[in-house]
Amino acid sequence: MRSQVHELIAGPVKQNELGTIVCRHCSNIIGTLPTNGVKIKYMVCEQEACRKQEGSVSA
């Protein structure tokens with residue numbers, strides 16, 4: 001029993017992907033990130049309409 005507990009403790013620690021990457025224009029989820037807590041990061045997705053909006057915002 002002790003060896004089983006030791007194996008569980010010594011095994012690899014799995015990181016949770018609590019970070020979410022969201023498109024700032026269409027709000028689609030782009031991906032996730034391994035973070036220590038819940039976090040939301042905003043980027044622009046690959047959709048042409050979102051890319052055009054990003055271009056007009058920075059101009």
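Treat the numbers as computed from the prediction; the structure is a model and nothing was measured.
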T35: side chain to side chain contact (heavy atoms under 4.5 Å, CB included) partners, not counting sequence neighbours: L18, L33, K39
Euclidean distance, C23 SG relative to Q53 CD, rounded to 0.5 Å: 8.0 Å
E46 side, atom CD; R51 side, atom CZ - distance, nearest 0.5 Å: 4.5 Å
T20/K41 under side-chain contact (heavy atoms from CB on, under 4.5 Å): CA gap, chis, key distance, verdict: CA-CA 6 Å; T20 305; K41 302 291 183 182; over 6 Å; no
Gap separating the CD1 atom of I30 from the OH atom of Y42, nearest 0.5 angstrom: 11.0 Å
From I21 atom CD1 to C45 atom SG, the distance as rounded to the nearest 0.5 Å: 12.0 Å
Gap separating the CD atom of Q47 from the SG atom of C26, nearest 0.5 angstrom: 4.5 Å
